[in-house]
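Structure first, then comments.
Each chain gets a letter, A, B and so on, in the order the sequences are listed, and its residues count up from 1.
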Amino acid sequence: MIPELLRPLTESAAATVTDPATAVDALVPTTNPAHGDYQWNFAFRSAKALRTAPRALAERLRPLLANHPGVREVEVAGPGFLNIRLHDSFVVEAARRAAGSLPQIGAGQTVVIDYSSPNVAKRMHIGHMRSTHLGHALDGLHRATGHRVIADNHIGDWGTQFGKLIVAWHRWLDPEHYAEDPIGELERLYVHFGNQVAENPALADEARAGTVKLQQGDEASRRLWREFMEVSLREFNAVYERLGVRFDETLGESAYAEALPDVVKQLVDRGVARSSEGAVVVSFDEPALKDHVLMIQKRDGGFNYATTDIATVQYRVARWNPQRIIYVTDTRQQLHFKQFFSVARTLGVQTELVHAWFGMLTLPEGAMSTRKGNTIRLVELLDEATRRARVVVDQKSPELPEEQRDAIASAVGINAVRYADISQNPQTDIVFTWDKMLALDGNTAPFLMYSHARCCSLLHRAGQAPEIDRISVSAPAERELLLSLARYPEAAVDALRTLRPNVLAEHLYEICGRINRFWHDVPVLFDTTPEERASRLGMIELARRVLRSGLEVLGLRVLDRM
RNA sequence: GCUCCCGUAGCUCAGUGGAUAGAGCAACAGCCUUCUAAGCUGUGGGCCGCAGGUUCGAAUCCUGCCGGGGGCGCCA
C-alpha cells in the first residue's frame, strides 16, 4: 500500500511538529490528477494546536517529504495541501507489490462470520441473497488478508415454525405433492397454516405446544424434524454449490438446544435476568437500550432467538477463541443485536462482536414474504440470469463449443447477480427489479470479467512469457493504470475495515476503465519496440493478476475467455 | 410515543471532513480491413430534501423540520 510505503516519511515529518499518530490517516489519494498522486492534509490538522497557519506549516513540512526516494516532487497548494507526485519507478514497484498478495493484516487472528442463515422448511428466495453475498465477500476479504475464518451457517432449524409445520403436516399434508416436491409442499403447509390460524386462533396454541414438545425431545416430533432438515439442506446445498459458497460449519440453532436452560439459569443467577409476566427477560441500564427488554424464555417455557444467540456466542468463544465475530443480517435486527451484545459483555465475552447489517430487499410493490406468497425463488433468479447470459454468449462467441458457452453463461449470469448486489453499499435498501439484477452492460460483472479475459487473450497471443520486471512508463494511460493497480490493496483494506465490499468492487471497476483507456491509447503487440512490448505485456500481466485476485476475493468467478 | 436507516442527474446508485460532486442506464452524435465492440470517444443533464450551526474547508459532522422505510415481550 502506498500510504504504508510512505509511512516512515510522514511520521518523521509529523514528529518534527507534533504527534505522528495521525500522520498516515492524512495521506490520501488526490481526486484530481492535476494535484499529484497523493495529498497530505496533515498541516490542516495540526495547525490549530500549533497556533499557526496551515499554509505556513505546510511550507515547513514540504522539504521533509521531498527527501523520500519515491517522491518526485512536493508542492504546497491552496490553503495548505501538500501535493505529492511519485516517481514512475515507485509507482511501478507499488503496482508489482499489489499484484502479489494483499497485506496480511489479519495474520494470527481468528474471525467467525455468521451469514446466510436461512430458515429450514422454506425455499431460499431472493431475500436470502444479500446475507449470503455480503457474508461471502467479507469471508473472502478476511481470508485474503491473512485472517483465519470460520464461516458458520447458523440456520434457523429450531424455531416456532416447526410447531406450525408439525400441526400442518398432520392435518393437511398432500403426500403426492410431497413426493415430487418436498420443500415445495413444506412451504405450502407453512403458508396454509398462516391462513388457517387467522380463522382458528386455537391453532396457534397448538403450534406453540408443538414447538415446546419438539424442544423437549419428543421422539415423534424429532423424527419429523429430521425429515424437514434433510429436505431443506438438500435444497440449500444445491443453491450454495451454484453460488460457489462453502461454509466451514453449519451449526444451526438446534445445535445449542441443550445449552439453553443453562443460559437462562446463568442470567438469572447473576441477577441479569428476571421474571416478568410469566416470561424471563433482561433489561438494560444503557440509555439507548433502557426502554426495551430482551426476552430469553417465553411464558410457555420455550426459548427464543436471543437465548440461542447467547448459547452460540459462548460456544464460539470456547471453541475458536476468535478476535471477532461478525453477524451478517438485515437492518431489522439492529436492536436485537445491540441487546444481545450487551448481554454477552455482561457475561464476560471479550470478543469483538460486530453486526454487519444490510438494507432491505423489497419488490416494487412492497415487502416480500413467504406467507404472502409474493417471493421470487433464488434458483429462479439464477436460472433467468444464466438464460439471459446464454443469449449474449451465443451472439458474441458463436465459435465456441456448446459446453464452453454453457460454462461462460453460468459464470456470467451468477456473477452478474452477485455483483449487482455487492457493488451497492450494503446499508442501503434495494428495490428488486429483474432488469437491474440481470443487467449485463455497463458497470456489471461481465464488464470486469471481460477486461480480465482480454488481458488473458492478449498475453496468450503475445507468444512470450510476461516479465514484470521490465516495466517502464512511457504514456499517461500506462501510469494511470499502474497507479490504480498499486491502490488495489488500499481499496481491499478499506473494504475490510468498513465491511463494505462495494468499496473494492468500485475500485476494480476503476481499474477496468483504465485498462480500456490503455487498450485505446497504446499498442502492445504491433508498432512497438521490443522494450515497449515487454513493458506493456508486464503491465497487462499485473492487471490480470490484480483483477483475478480482486474478483476472487469478492467471490466472483474468473474466466480466461468469454 | 421512542428509536434506527434513507433522501445526490429523468431512472438506479457511488461518494461517510478536502480542491471543479462521479458512474451505469436512458437520450443524442461518432468509432469494428490492427492486439475481444460484453467495448471506446464525445454531448446534454445537479438549490446533494429544506433551514440553521460547527469548521480553514460540509453531500459527508451537529440541531430542527419535511418525506419514505424499518424496529420497539412471547417471530427470527
Checklist entry - Using the C1' atom in both, what is the distance from B:rG22 to B:rU60, to the nearest Å? => result 15 Å
Checklist outcome for this item: Taken to the nearest whole Å, CD1/A:I430 to P/B:rC13 is 7 Å
Next on the checklist: Just the rounded figure in Å: distance from C1' of B:rG39 to CZ of A:R514.
Outcome noted: 18 Å
Checklist entry - So what does A:V522 touch, heavy atoms closer than 4.0 Å: a base, only the sugar-phosphate, or nothing? => result base
Checklist entry - Where does the angle between the aromatic ring planes of A:W225 and A:W158 fall among parallel (under 30°), tilted (30 to 60°) and perpendicular (over 60°)? => result perpendicular
List, with names and distances, any nitrogen or oxygen atoms from the protein found under 3.5 Å away from nitrogen or oxygen atoms belonging to nucleotides 23-28 of chain B.
from: B:rA23; atom 1: O2'; to: A:Y509; atom 2: OH; distance (Å): 3.2

Taking distance alone, no hydrogens or angles, what donor-acceptor pairs closer than 3.5 Å link side-chain atoms of residues 491-498 of chain A to residues at least two apart or in another chain?
from: A:D494; atom 1: OD1; to: A:R497; atom 2: NE; distance (Å): 3.4
from: A:D494; atom 1: OD1; to: A:R497; atom 2: NH2; distance (Å): 2.5
from: A:T498; atom 1: OG1; to: A:D494; atom 2: O; distance (Å): 2.8

Item to check | Expected output: side-chain A:E532 to main-chain A:T529 donor-acceptor under 3.5 Å | outcome: yes
Item to check | Sequence-aligned protein contact record of nucleotides 68-76 of chain B, with B where the base is within under 4.0 Å of a protein heavy atom and S where only the sugar-phosphate is | outcome: --SSBBBSB
Next on the checklist: Measuring centre to centre across the rings, with the benzene-like ring taken for any Trp, is A:F447 within less than 6.0 Å of A:Y419?
Outcome noted: no
Checklist entry - OP1, OP2 of B:rA37 versus side-chain N and O of A:R454: anything below 4.0 Å? => result yes
Next on the checklist: Identify the stems formed by RNA chain B, where each pair is Watson-Crick or G-U wobble with both distances under 3.5 angstrom and a stem is at least 3 consecutive pairs.
Outcome noted: B:1-7 with B:66-72, B:10-13 with B:22-25, B:27-31 with B:39-43, B:49-53 with B:61-65
Next on the checklist: Given B:rC35, B:rG18, B:rC4, identify the nucleotide with an atom nearest to the side chain of A:L525.
Outcome noted: B:rC35
Checklist outcome for this item: Correct closest heavy-atom pair for A:R533 and A:V524 would be CG-O, 3.6 Å
Checklist entry - How far, in whole Å, is B:rG30 from B:rA51 if one measures between their C1' atoms? => result 46 Å
Checklist outcome for this item: Atom CH2 of A:W519 and atom P of B:rC35 are separated, to the nearest Å, by 11 Å
Checklist entry - Mind checking the C1' distance from B:rC25 to B:rG44? Whole angstroms is fine. => result 15 Å
Item to check | Nearest-0.5 Å distance that lies between atom OG in A:S342 and atom NZ in A:K338 | outcome: 12.0 Å
Checklist entry - Should B:rC13 be called syn or anti, with syn set as within 90° of 0? => result anti
Checklist entry - Think A:R500 has a side-chain N or O under 4.0 angstrom from the OP1 or OP2 of B:rG15? => result yes
Next on the checklist: Which label fits A:Y305 and A:H336: parallel for a plane angle under 30°, tilted from 30 to 60°, or perpendicular past 60°?
Outcome noted: parallel
Next on the checklist: Under 4.0 Å, counting only non-hydrogen atoms across every strand here, what does A:W357 touch: a base, just sugar-phosphate, or nothing?
Outcome noted: sugar-phosphate
Checklist entry - Between A:K290 and A:E286, is there a salt bridge with N-O shorter than 4.0 Å? => result no
Checklist entry - When rounded to the nearest 0.5 angstrom, what distance separates OG1 in A:T30 from CZ in A:R85? => result 8.5 Å
Write out a two-atom table: protein N or O, nucleotide N or O from nucleotides 41-46 of chain B, distance below 3.5 Å.
none

Checklist entry - OP1 or OP2 of B:rC40 less than 4.0 angstrom from a side-chain nitrogen or oxygen of A:N516, does that happen here? => result yes
Next on the checklist: I'd like to know if the side chain of A:T433 and the backbone of A:K436 have a donor-acceptor N/O pair within less than 3.5 Å.
Outcome noted: yes
Checklist entry - Relative to the ring of A:H128, is the ring of A:H125 parallel (under 30°), tilted (30 to 60°) or perpendicular (over 60°)? => result tilted
Checklist entry - A:D527 or A:F81: which one's nearest nucleotide on RNA chain B is closer to the 5' end? => result A:F81
Item to check | Rounded distance in Å between the C1' positions of B:rG42 and B:rC47 | outcome: 28 Å
Checklist entry - What integer number of Å spans the C1' atoms of B:rA59 and B:rG18? => result 13 Å
Next on the checklist: Under the side-chain hydrogen bond (donor to acceptor under 3.5 Å, both in side chains) test against A:H355, which residue among A:T331, A:D114, A:T329 passes?
Outcome noted: A:T329
Checklist entry - Of all the nucleotides listed (B:rC40, B:rA37, B:rA38), which has the minimum atom distance to the side chain of A:P446? => result B:rA38
Checklist outcome for this item: note: A:F526, atom CZ; B:rU34, atom P; distance rounded to Å ~ 10 Å
Checklist entry - How are the rings of A:F337 and A:Y327 set to each other: parallel, tilted or perpendicular (split at 30° and 60°)? => result tilted
Checklist entry - Taking the side chain of A:N502 as its heavy atoms from C-beta onward, which of B:rG15, B:rC35, B:rA38 lies nearest to it? => result B:rG15
Checklist entry - What pairs meet the side chain to side chain donor-acceptor pair (under 3.5 Å) rule with one or both residues in residues 51-60 of chain A, with sequence neighbours excluded? => result none
Checklist entry - Under 4.0 Å between a side-chain N or O of A:K436 and OP1 or OP2 of B:rU12? => result no
Next on the checklist: Let me spell it out: for each of A:Q427 and A:S457, pick the nucleotide of RNA chain B with the closest heavy atom. Which residue's pick is nearer the 5' end?
Outcome noted: A:Q427
Checklist entry - Within 45 degrees of the axis of the six-membered ring of A:Y190 and under 6.0 Å from its centre: does A:K122 put its NZ or CZ there? => result yes
